[in-house]
Amino acid sequence: MAQYSCVSGSVGLITLKNPPVNALSAAVRHGIVDTVKRALSEPKVKSVVICGQNGIFCGGADIREFASDMSGPPLVPMIHAIEAANKPVVAAIEGSALGGGLELALGCHYRIAHSKAKLGLPEVTLGLLPAAGGTQRLPRLIGVPAALNLITTGRHVTAAEALQLGVVDQVTDQNTVDAAVKFALSVAGQSLDARRISTYPCPRPSDLDALFDGVMQKVRQSARGAIAPVACVQAVRAAATLPYTQGMEREKELMATLFTSGQARALQYCFFAQRAVGRWSMPSGARWDTSKPRPVHKAAVIGLGTMGRGIAVALAQTGLSVVAVETQEKQLMEAKQAVSGMLERGAKRRGVAPALDGISYSGNIQAVADADLVIEAVFEDMTLKEKIFQQLSAVCKPGTFLCTNTSALDVDHLASQTRNPELVVGMHFFAPAHVMKLLEVVYGTRSSPQAVATAMQLGKKMGKVSVAVGNCRGFVGNRMLKPYLEQAFFLLEEGATPELVDRALEEFGFAMGVFRVSDLSGLDVGWKVRKGDGLAEPEMATGQSARIRQGRRYSPLGDLLCEQGRYGQKTGQGWYQYDKPGGRVARSDPWLHSFLEEYRARHGLVARRIDQQEVLERCLYVLINEGFHILEDGIAAGPEDIDVIYVFGYGWPRHRGGPMFYASMVGLAKVLERLEHYHQAHPDVPYMQPCNLLRRLVASGSPPIQRWREVIKKLHSQL
Ligand SMILES: CCCCCCCC/C=C\C=C\CC(=O)SCCNC(=O)CCNC(=O)[C@H](O)C(C)(C)COP(=O)(O)OP(=O)(O)OC[C@H]1O[C@@H](n2cnc3c(N)ncnc32)[C@H](O)[C@@H]1OP(=O)(O)O
């Protein structure tokens with residue numbers, strides 16, 4: 001709703017009220033229409049101020065309404081009526097003015113923002129465009145290049161930048177509503193002819209075609225198949241080339257296409273999923289709202305390799321006091337320099353002072369004794385980690401939380417090395433740890449809710465999207481990755497090439513296909529893991545047994561490349577060739593193709609034609625199938641957890657909503673049918689047998705993803 005009052009004798013004050021972000025629900029839009037009418041009709045009112053309650057102007061259209069009820073006054077005529085008013089209307093912007101919220105402000109004649117306010121048109125991140133005149137008014141106000149930047153990226157700008165761009169007229173450090181009322185009094189009675197943005201001519205850059213062609217090319221490249229950024233460029237082009245009313249028609253047309261697209265649904269699902277993962281729960285019944293985190297003032301990192309350095313930087317950037325420990329002297333010296341450099345570069349980018357003093361270094365594990373929380377980040381070597389956890393348990397003050405940055409190892413086993421297993425959790429960061437947004441917080445069978453709550457809160461403080469998951473080999477992300485990678489190897493055995501597989505995945509929207517990513521991260525990483533699992537033994541790579549390991553079909557292709565010293569980008573050769581070790585441009589490698597042909601001949605395999613559809617179905621559906629197993633096992637509490645992990649940690653295209661959402665869009669019955677088909681065609685290929693939960697969901701009529709938790713709950717209660 002919107003509340004109306006008359007203040008300072010002649011100012012109509014309209015306050016938007018819809019906690020927590022004053023989204024423009026039908027009730028709020030009704031409220032605005034009614035209160036604006038009232039303010040304009042009351043003779044004593046000479047000017048109007050629109051503000052939002054609780055320190056936030058408006059978070060935009062109510063996204064929840066998009067999936068249900070779109071009745072109520074539409075935004076476009078509502079904003080038009082404000083702009084057409086014959087009394088000055090001033091927007092008092094505190095907190096955020098985003099999306100429809102900023103479009104409402106652009107319909108006002110003046111905008112005054114608090115210095116801490118953030119403004120933006122983030123619709124593109126929801127698969128939409130600013131369709132309440134935003135694509136037509138903003139370029140008229142701030143010019144085409146700046147408007148294109150804001151609308152196609154959806155980035156939020158500070159009040160200072162908004163002032164510099166000309167989005168707002170004034171920035172204040174004082175009470176924004178008071179400042180706006182004072183301003184409204186000062187402009188009462190003045191002509192509004194020059195204040196209606198829709199009447200401005202759109203500044204037309206001389207190189208208009210070149211500008212739009214260049215932007216469109218860039219946008220298409222980075223959009224990776226997302227359609228909203230492209231539509232945003234088309235809408236701004238309409239502003240630059242058409243009269244306002246025709247531009248508005250074009251905006252509406254483009255919005256209609258986006259609005260009904262699966263991409264908008266996927267991106268809006270992601271928006272809510274990202275928030276839902278914060279409301280974590282554990283099978284024990286412990287939950288986010290009943291588990292209190294303990295404050296962390298001092299944190300420590302053990303091991304300053306690539307991961308440890310990134311974690312130390314991310315911790316220091318939160319303002320915590322950090323102790324960084326590395327027992328190898330040379331590595332410690334190098335790490336000190338590297339961490340300082342990373343902190344300095346990060347601070348420069350953010351325009352703040354580097355947190356160099358917040359971090360101290362030591363070669364001795366004793367230095368972590370008074371830390372509130374320690375993150376172990378040494379090599380993935382269980383024996384080494386066991387030793388460190390035994391030492392930490394002896395050295396640390398009582399109550400210190402002990403976390404491991406393992407990407408796959410058993411958190412319960414590490415906890416069993418300590419005196420207080422309830423204080424142990426996994427904190428699985430993704431490389432580079434100071435950049436990547438994802439954090440898997442892994443609870444073991446004995447982890448206390450407080451330990452989980454503390455790790456989740458610390459993750460949030462570090463700017464991470466933290467997802468609480470159960471303990472199993474590979475947790476959620478890497479457990480699902482395994483069948484995906486294996487499937488890609490099997491496809492090569494059957495006749496595919498790395499180029500074909502990668503092209504299919506990149507056209508689907510991944511930034512890089514599976515083989516390019518493997519080359520980038522280093523083929524030796526997986527090789528080491530497979531060796532640790534007793535799979536990649538060189539003597540096994542010949543004869544009949546080469547393709548059967550531990551009683552299961554296995555492809556040794558990755559191991560064979562590593563035996564040749566082909567570790568990927570860093571050695572200049574892997575699934576592709578590079579111009580030099582460390583080179584970035586991947587080229588098709590004739591050696592690799594001959595190697596694959598020889599391999600197939602040696603094993604009596606006849607190459608067949610494989611199309612992109614098969615690549616996608618086999619790689620993605622086995623990954624999804626494992627996701628269903630993870631839900632069935634209770635390792636992830638809901639599909640949102642899996643989807644957030646894949647979008648933020650594994651480059652899954654956001655506009656496809658994450659693997660589980662994608663499955664729901666494809667149709668669960670179809671996913672089941674294709675898995676059954678491939679399982680029958682390749683009975684020895686692991687991971688293709690459809691999961692029980694998937695069958696169960698299909699049998700219950702393929703309910704929408706929001707209702708899967710009910711089916712899972714029922715399934716668990718029957719076990
Ligand atoms: C043929 C069909 C044609 C259709 C024509 C339609 C014409 C429509 C015309 C115009 C359309 C305009 C589009 C929009 O305006 S889309 C919305 C754009 N706005 C945003 O993207 C902002 C989203 N919100 C945020 O970025 C943040 O929430 C922020 C406002 C910065 C506050 O952040 P923070 O303090 O961290 O709080 P949370 O993010 O945790 O949010 C708190 C809860 O509020 C819920 N929320 C937030 N924004 C919205 C919203 N716009 N609508 C509904 N709900 C919202 C959020 O989900 C949190 O709740 P919960 O935890 O329960 O999920």
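We count ligands from 1, going down the list as the structure has it; atoms in each ligand are counted the same way. Hydrogens, waters and symmetry mates are skipped; everything else that's a heavy atom, side chains included, is used. Just so it is clear, the model here is predicted, and its values are computed rather than measured.
Taken from CG in L141 to CZ in R111, the straight-line distance is 5.5 Å, to the nearest 0.5 Å.
Residue-to-ligand polar distances place G59 within reach of ligand 1: an N/O pair is separated by less than 3.5 Å. In terms of N/O distances under 3.5 Å, ligand 1 is approached by R275. The distance criterion of under 3.5 Å between nitrogen or oxygen atoms is not met by S96 with respect to ligand 1. Below 3.5 Å of separation, one finds no N or O of E103 facing any N or O of ligand 1. The N/O atoms of F66, backbone and side chain alike, include none that comes under 3.5 Å of an N/O atom in ligand 1. On a distance-only criterion, A61 and ligand 1 share at least one N/O pair closer than 3.5 Å.
A salt bridge between R709 and E640 is present, with a side-chain N of the basic residue lying under 4.0 Å from a carboxylate O of the acidic one. Under a 4.0 Å N-O distance rule, the pair E253/R250 qualifies as a salt bridge.
Looking at P653 and F508, their side chains come closer than 4.5 Å, going by heavy atoms from C-beta outward. No side-chain heavy atom of I630 sits less than 4.5 Å from a side-chain heavy atom of D641. For the pair S284/Y443, no side-chain contact is recorded, criterion being any heavy-atom separation below 4.5 Å from C-beta on.
Counting the atoms of ligand 1 from 1 in the order shown, those under 4.0 Å from a heavy atom of F272 are 57 (O), 63 (O). If you number the atoms of ligand 1 from 1 as listed, the ones under 4.0 Å from a heavy atom of D62 come out as 52 (N), 53 (C). Interface atoms of ligand 1 facing G100, defined by a heavy-atom separation under 4.0 Å, are 14 (C), 15 (O). Shown in contact with L75 at under 4.0 Å from a heavy atom are these atoms of ligand 1, numbered in order with element: 9 (C), 10 (C). The atoms of ligand 1 that sit less than 4.0 Å from any heavy atom of F271 are 23 (C), 24 (N), 47 (C), 48 (N), 57 (O). Against a heavy-atom cut-off of under 4.0 Å, G99 is close to the following atoms of ligand 1: 15 (O), 18 (C). Under a 4.0 Å criterion applied to the non-hydrogen atoms of G60, ligand 1 contributes the atoms 15 (O). Of all atoms in ligand 1, listed by their number and element, those nearer than 4.0 Å to a heavy atom of R64 are 57 (O), 59 (O), 60 (P), 62 (O), 63 (O).
For Y4, the ring pair (Phe, Tyr, Trp, His ring centres under 6.0 Å) test picks out no residue, with sequence neighbours left out.
Ring pair Y650/F510: centre-to-centre distance not below 6.0 Å.
If you look at K252 next to ligand 1, there are no close heavy atoms at all, none under 4.0 Å. Contacts between T260 and ligand 1, counted as non-hydrogen atom pairs separated by less than 4.0 Å, are absent for every part of the residue.
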Which pairs would a plain distance check flag for residues 121-132, meaning a side-chain donor or acceptor within less than 3.5 Å of a matching protein atom at least two apart in sequence or in another chain?
from, atom 1, to, atom 2, distance (Å)
E123, OE2, G100, N, 3.4
T125, OG1, P122, O, 2.5

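Both the sub-6.0 Å distance and the 45° axial angle are not jointly satisfied by R265 relative to the ring of Y269.
At the top of the distance list for atom 7 (C) of ligand 1, counting protein heavy atoms only, stands M255 CE, 4.3 Å.
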